[in-house]
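Okay, so here's the structure we're looking at.
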Amino acid sequence: MMSSRTQGYIYVLITMCIWGGFTLSTRLSVKWHIESWDLAALRFLLAFCILIPILIWKKDTAFLWKKEPIILAVIGGLLYCLTCYSAFYYVPAAHAAIFLNGCLPLCTALAGFILFRHPFDRHTWLSLAIMLSAITTMSVLMYQETGTAFGFGDFLFFMSAIWWGIFTVLLRHWKLSAWHTMCGVAIWSAIIYIPIYLLFLPKNLSAPEPTHLFVQVLFHGIFVVIVATLTYVEAIKRLGAFKAGSIVTLAPFIAAILAVPLLDEPLSFAIICGLIGIGIGALQPWRWFGRKDALAQQLEQHKAVK
């Protein structure tokens, strides 16, 4: 029988594989000529078809008619997915690790302060200083190398980080369960987006190979939307939010490195500097040392009492 801690690390590993795979597979969809509009529509449609029968069978549909799932679906489903998918058409996977995943802690903290006046702690201020220094250094180096500091894809990734930060803060504030959040976002995203897609947006489903399209829709519709959400929540239950979140944050950075040999993507010195700086700011490794010191103090106090 596995311990709760071991189970937590297994759930973290599964989540890391899916989150890292999201970066690689979305970038690969560009090479396979799969449009972001089509991928988003098929992703939402597949999740809708899987989850609706389950909710009806469980007689658990009342929560769908509240305002919270609809708002979360618009922000964390539609806006996040469309800006994120579109960004991969302009910049390599390494840019996603920096401007999307690396900036998520910062954007979440900013959203909490703006929406609910949650104060910044000293860890957030230090992360902010490290991230801004890393982005400034990277932009200067990129300008020297290419004549351009940032691109449109970087802007879209940063917008995606903003959407996910707002989504996270609202989710914490409303205290919805992982199951209701996942179902509400997937179902309402499909209800809102599919009619817009069918009536107004361009469609290019005949261009990619059917096998490529099937693989992408299966991965994004089931593993990203459903499996990763549940495994991440289970990991947090067993390891705590800080440890689980810190480890999982490494996945996109690993994916950015793997994209170099697997997808033949460039990795310049400027991007390497950005990855290192943003990674340190996002992971906040100094907090691990602080926790060890606190644990040592507790042990000393315990020994003194005995």
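As a basis for the values below, the full set of heavy atoms in this structure was taken, side chains included, without hydrogen atoms, waters or symmetry mates.
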- Query: Is there a side-chain contact between T23 and L100 (heavy atoms, below 4.5 Å)?
  - Reply: no
field: Student check: side-chain heavy atoms of W179 and L55 closer than 4.5 Å
entry: yes
Using the test side chain to side chain donor-acceptor pair (under 3.5 Å), find all partners of [X] that sit at least two apart in sequence or belong to another chain.
X	result
T15	T231
S3	T6
S160	T83
H220	S25, Y85, Q216

For L176, the side chain to side chain contact (heavy atoms under 4.5 Å, CB included) test, sequence neighbours excluded, returns E68, L72, L171, W174, T181
>> Quick check: is I50 connected to V215 through a chain of hydrophobic side chains (ILVMFWY, heavy atoms under 4.5 Å apart)?
In response: no
Taking the six-membered ring where the residue is Trp, are the ring centres of W19 and F22 under 6.0 Å apart? no
(message) Between F99 and F158 (judged by ring centroids, cut-off 6.0 Å), do the two rings come close enough to count as a pair?
(response) no
Are the side chain of R238 and the backbone of Y9 linked by a donor-acceptor contact shorter than 3.5 Å?
no
- Query: Has the side chain of R27 got a donor or acceptor atom that lies under 3.5 Å from a matching backbone atom of V91?
  - Reply: yes
The single option from S86, C81, S29 that satisfies side-chain contact (heavy atoms from CB on, under 4.5 Å) with S36 is S86
For residues 190-202, the side chain to side chain donor-acceptor pair (under 3.5 Å) pairs (sequence neighbours left out) are D38-Y197
